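The next block holds one structure in the form of structure tokens; read it before the comments.
In what follows, chains carry the letters A, B, and so on, assigned in the order in which the sequence lines appear, proteins first and then strands, with residues in each chain numbered from 1. Below, each value reflects all heavy atoms present in this structure, side chains not excepted, and no hydrogens, waters or symmetry copies. If you're wondering where the values come from, they're calculated on a predicted model, not measured in any experiment.
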Number of protein chains: 2
Amino acid sequence: MTSFTEENYLKIIYMLTEQNGGSEVSTNELAEHTQTKAASVSDMLRKLAEKNLINYRKYQGVTLTKEGQHIALSVIRKHRLWEVFLVEKLGFGWDEIHDIAEQLEHIDSKELTEKLDKFLGNPQFDPHGDPIPDAKGKMPSMSSHKLSEIAVDQTVVMVGVTVHSPAFLQHLDKNNITLGCSIRIQEVSEFDKSFTIILNNTQSVFVSNEVAKNLLVK
Amino acid sequence: MTSFTEENYLKIIYMLTEQNGGSEVSTNELAEHTQTKAASVSDMLRKLAEKNLINYRKYQGVTLTKEGQHIALSVIRKHRLWEVFLVEKLGFGWDEIHDIAEQLEHIDSKELTEKLDKFLGNPQFDPHGDPIPDAKGKMPSMSSHKLSEIAVDQTVVMVGVTVHSPAFLQHLDKNNITLGCSIRIQEVSEFDKSFTIILNNTQSVFVSNEVAKNLLVK
DNA sequence: ATTAATTTTTAGGTTTGTCTAAAAATTTGA
DNA sequence: TCAAATTTTTAGACAAACCTAAAAATTAAT
Ligand SMILES: [Mn+2]
Ligand SMILES: [Mn+2]
Ligand SMILES: [Mn+2]
Ligand SMILES: [Mn+2]
């Protein structure tokens with residue numbers, strides 16, 4: 001009923017709505033994230049509104065309806081479960097899986113999704129620390145902060161990233177910063193807000209503010 | 001480069017060419033198997049010929065080019081590997097997997113295919129006994145016969161099916177006929193060519209000729 | 001060897017999702 | 001506040017993959 005393309009729009013609307021703190025998503029924002037032109041987005045919004053998957057008032061941006069949110073969450077659930085599979089079972093790195101999951105997230109079979117979930121041990125978070133919604137769409141919650149907001153001497157655990165680009169993830173790999181590692185803040189530079197941290201109580205590592213802003217810790 | 005739809009055409013052309021013993025596949029044959037009309041098939045054949053994926057002389061049917069065969073075999077490889085995954089890892093029955101594999105066979109990632117193959121232990125045959133081509137397209141060979149052609153008193157091993165419909169597979173399940181089981185032919189009815197067989201040296205089972213014709217044994 | 005039946009192709013359209021260019025609405029800001 | 005800048009929508013087209021109806025080629029039958 002919902003095409004590959006429609007599913008992608010719904011997923012992106014969901015994510016941008018989250019990012020905007022719940023307020024409407026604009027046509028141009030969507031055009032950027034769908035790699036299309038605003039005119040194409042307008043066409044699609046008309047269609048999604050027709051199908052009652054989004055709330056759409058011309059020129060006012062969109063939000064998802066219950067039904068649209070349900071589909072979006074199902075796509076996100078599949079994306080993240082497949083990412084767990086790719087890393088845990090097939091041995092991919094966390095920087096290699098996104099594009100493959102972009103394809104797998106559209107495979108249409110409830111039984112498959114639920115059996116995969118069970119096979120993986122009902123994981124709560126994906127390899128980037130993103131929460132995996134359950135079959136009903138409920139997200140596991142976890143309060144986290146940006147590393148850049150943590151004060152000197154505190155010790156925290158790395159629980160996620162806010163940027164998923166291979167370049168960023170590979171940079172973390174090179175510095176041994178992995179999900180679950182412990183981080184003690186040794187020093188914060190007055191000048192450039194860069195961090196010197198102690199990883200797992202053993203290794204001293206330099207972290208630029210740009211990186212610290214995109215690391216989630218708890 | 002090759003769309004979902006094109007891949008399906010190539011795969012079906014490959015399989016029908018095999019069935020025809022290597023000779024050309026007709027437009028109507030393809031229309032049946034693609035669930036479309038002959039006119040649509042004609043359009044697609046023109047396009048596939050343009051891309052040098054098939055050898056096409058109007059009104060004379062088609063065969064695959066080297067390039068077309070290569071793509072077809074890659075799709076078949078993925079289909080059968082995913083079927084192994086669904087049965088061996090997720091616990092699906094062999095009667096439930098075909099439609100899911102029809103989707104998964106189009107996921108485009110060589111690394112994924114090769115890692116999946118390794119994860120599964122480089123299987124040679126899928127859950128229906130069909131051979132899985134290797135990364136270069138080479139099929140493992142296995143000489144087999146139809147059960148219906150085996151003589152009384154011989155003992156053979158069940159190695160495949162020539163029909164994949166859920167109804168047929170469920171019928172086999174109900175009679176405990178599974179891949180790898182041993183079959184001793186106790187009696188063949190003169191009247192209707194039906195078989196009475198001994199399964200795994202223990203159980204006596206009745207098999208109609210219609211079923212025996214679609215069971216492959218060795 | 002013609003004619004009849006069948007198969008295949010072509011012609012002309014539709015739907016989905018995209019595009020560019022132009023028009024309309026909204027927002028900014030002098 | 002009202003004109004300029006920006007954003008969004010509409011108009012008109014296009015490619016992919018399908019359709020129906022009609023024409024052309026092949027095959028089968030007298
Ligand atoms: Mn991802
Ligand atoms: Mn992720
Ligand atoms: Mn199958
Ligand atoms: Mn199979």
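Note on residues 23-40 of chain B: no pairs pass salt bridge (charged side-chain N to carboxylate O under 4.0 Å, His left out), not counting sequence neighbours.
Look at CG on B/L45: it is 11 Å from P on C/dT10, rounded to the nearest Å. B/L48 places its CG atom 13 Å from the P atom of C/dT9, with the value rounded to the nearest Å. Rounded to whole angstrom, the span from the CG atom of A/D43 across to the P atom of D/dC14 amounts to 16 Å. One atom, CD of A/E6, and another, P of C/dT15, lie 15 Å apart when rounded to the nearest Å. In this structure, the CZ atom of B/R46 is 11 Å from the P atom of C/dT9, given to the nearest Å. The CZ-C1' distance, from B/R57 to D/dA24, rounds to 18 Å in whole Å. Look at NZ on A/K51: it is 8 Å from P on C/dT16, rounded to the nearest Å. The interatomic distance linking B/M1 (CE) with D/dA16 (C1') rounds to 15 Å, in whole Å.
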Check nucleotides 4-8 of chain C against the protein and report each pair of N or O atoms closer than 3.5 Å, with its distance, or say if there are none.
residue, atom, partner, partner atom, Å
C/dT8, OP2, B/N28, N, 2.9
C/dT8, OP2, B/N28, ND2, 3.4

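Within the structure, every side-chain polar atom (N or O) of B/Y9 is placed at least 4.0 Å from both OP1 and OP2 of D/dA16.
Within 4.0 Å (heavy atoms only), A/T36 reaches sugar-phosphate atoms of the nucleic acid but no base atom.
Checked against the 6.0 Å centroid threshold, A/H98 and A/H79 count as a close aromatic pair.
Residue B/Y9 holds its OH atom at 7.0 Å from CG of B/L45, rounded to the nearest 0.5 Å.
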Please list, one pair per line, the donor and acceptor atoms closer than 3.5 Å that link side chains of residues 132-151 of chain A to other protein atoms, with sequence neighbours excluded.
residue, atom, partner, partner atom, Å
A/D134, OD1, A/K136, N, 2.8
A/D134, OD1, A/G137, N, 3.0
A/D134, OD1, A/K138, N, 3.0

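Because its NZ or CZ atom is not both nearer than 6.0 Å to the ring centre of A/F85 and within 45° of the ring axis, B/K89 does not count as a cation-pi partner of that residue. In this structure, B/K115 satisfies the cation-pi test against A/F92, with its NZ or CZ atom closer than 6.0 Å to the six-membered ring centre and inside 45 degrees of the ring normal.
In terms of modelled atom types and a separation under 3.5 Å, the side chain of B/T17 and the main chain of B/I13 share a donor-acceptor contact.
Among the nucleotides D/dC18, D/dA11, C/dT18, the one closest to any side-chain atom of A/T5 is C/dT18.
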